[in-house]
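Comments concern the structure below.
We use all heavy atoms of the structure for the numbers below, so side chains are in, but hydrogens, waters and symmetry mates are not. Just so it is clear, the model here is predicted, and its values are computed rather than measured.
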Amino acid sequence: MQYYSSHRTVLLVAYALLCSCTSMSGVHTRDAVCSLDNVWEAALDAVKNRSVTVKDKDRGRIETAWLEIPMPGRTIGASQEELQDSKDRSRLILTVNRLDVEHVIRDIIRVFYVEERQRWAFQPDSRLFGWTETVPSEDMWRDVRSRLDAALKERGCSLT
């Protein structure tokens with residue numbers, strides 16, 4: 001009975017670790033030594049090229065609306081016929097939090113940012129097209145990081 005119990009515990013721990021790694025995939029962070037207000041404003045500036053749907057400073061959460069992005073050149077099926085209405089859609093979620101670090105004189109603020117991305121694709125079960133999850137764009141992450149870094153520096157924040 002003890003053999004079963006210890007194996008079960010190991011499996012539960014392994015499952016928890018796998019789940020936590022999966023849920024954090026695609027999440028990027030940026031740390032800055034700066035006031036919370038300055039980092040909040042910089043985060044808003046980083047997404048000013050999009051429509052913001054959630055701006056909750058108390059929770060430190062910023063969300064953008066879905067943005068459709070044309071994706072020409074995608075093909076479908078065995079014949080590799082070009083898909084005429086190929087597109088992705090993307091939305092960004094940023095979270096701004098103060099890090100609780102003991103014995104630190106200045107505030108360290110962390111910005112988490114993630115892109116939710118979906119692809120317009122054929123759904124075999126329904127024989128229709130619809131949105132399906134896809135891999136976030138590295139270009140999008142670089143763009144957000146670049147915008148965020150520039151806005152933080154503009155406000156006199158030190159990047160860590």
So which heavy atom on Arg145 is nearest to which on Thr29, and how close? NH1-O, 4.0 Å

Could you go step by step and tell me if Lys87 and Glu68 meet the salt bridge (charged side-chain N to carboxylate O under 4.0 Å, His left out) rule? CA-CA 7 Å; Lys87 58 189 171 187; Glu68 287 192 11; 3.7 Å; yes

From Ile108 atom CD1 to Asp31 atom CG, the distance as rounded to the nearest 0.5 Å: 7.0 Å

Nearest heavy atoms of Ala43 and Val96, plus distance in Å: CB-CG2, 3.9 Å

Restricting to non-hydrogen atoms, name the atom on Trp141 and the atom on Pro136 that form the minimum distance, rounded to 0.1 Å. CZ2-CB, 3.3 Å

I'd like to know if Met140 and Ile62 are part of one continuous hydrophobic network [Ile/Leu/Val/Met/Phe/Trp/Tyr, side-chain heavy atoms within less than 4.5 Å]. yes

Any link between Tyr113 and Ile69 through a network of hydrophobic side chains (Ile, Leu, Val, Met, Phe, Trp, Tyr) touching at under 4.5 Å? yes

Using modelled atom types only, decide if a donor and an acceptor are shared between the side chain of Thr64 and the backbone of Ser51 within a distance under 3.5 Å. no

Is the backbone of Met71 close enough, under 3.5 Å, to the side chain of Ser86 for a donor and an acceptor to pair up by distance? yes

Check the side chains of Ser90 and Glu115 for a donor-acceptor pair under 3.5 angstrom, ignoring hydrogens and angles. yes

Determine whether Leu159 and Lys153 make a side-chain contact, defined as any pair of heavy atoms from C-beta on separated by less than 4.5 Å. yes

Output yes when a side-chain donor or acceptor of Arg155 lies under 3.5 Å from a complementary backbone atom of Ala151, and no otherwise. yes

Find the distance between CG (Leu36) and CZ (Arg98) and round it off to the nearest 0.5 Å. 5.0 Å

Shortest non-hydrogen contact from Cys34 to Val39? CB-CG2, 3.8 Å

Separation of Glu138 CD from His28 NE2 (nearest 0.5 Å): 5.5 Å

Assigning hydrophobic clusters by single linkage (Ile, Leu, Val, Met, Phe, Trp, Tyr; side-chain heavy-atom cutoff under 4.5 Å), is Val135 placed with Trp120? no

Nearest non-hydrogen partners of Trp66 and Arg89, listed with the distance: CE3-CG, 3.4 Å

Run the salt bridge (charged side-chain N to carboxylate O under 4.0 Å, His left out) check on Arg147 and Asp143 step by step: do they pass? CA-CA 6 Å; Arg147 289 171 179 269; Asp143 181 55; 3.1 Å; yes

Please say whether more than 12 non-hydrogen atoms of neighbouring residues, nucleotides or ligands are located less than 6.0 Å from NZ in Lys57. yes

Linking I/L/V/M/F/W/Y whenever any side-chain heavy atoms sit under 4.5 Å apart, do Val54 and Val114 land together? no

Go through the steps to decide whether Asp56 and Arg61 satisfy the test salt bridge (charged side-chain N to carboxylate O under 4.0 Å, His left out), and finish with yes or no. CA-CA 5 Å; Asp56 185 344; Arg61 189 161 177 96; over 6 Å; no

Which atom of Thr160 lies closest to which atom of Arg30, heavy atoms considered: O-NH1, 3.4 Å

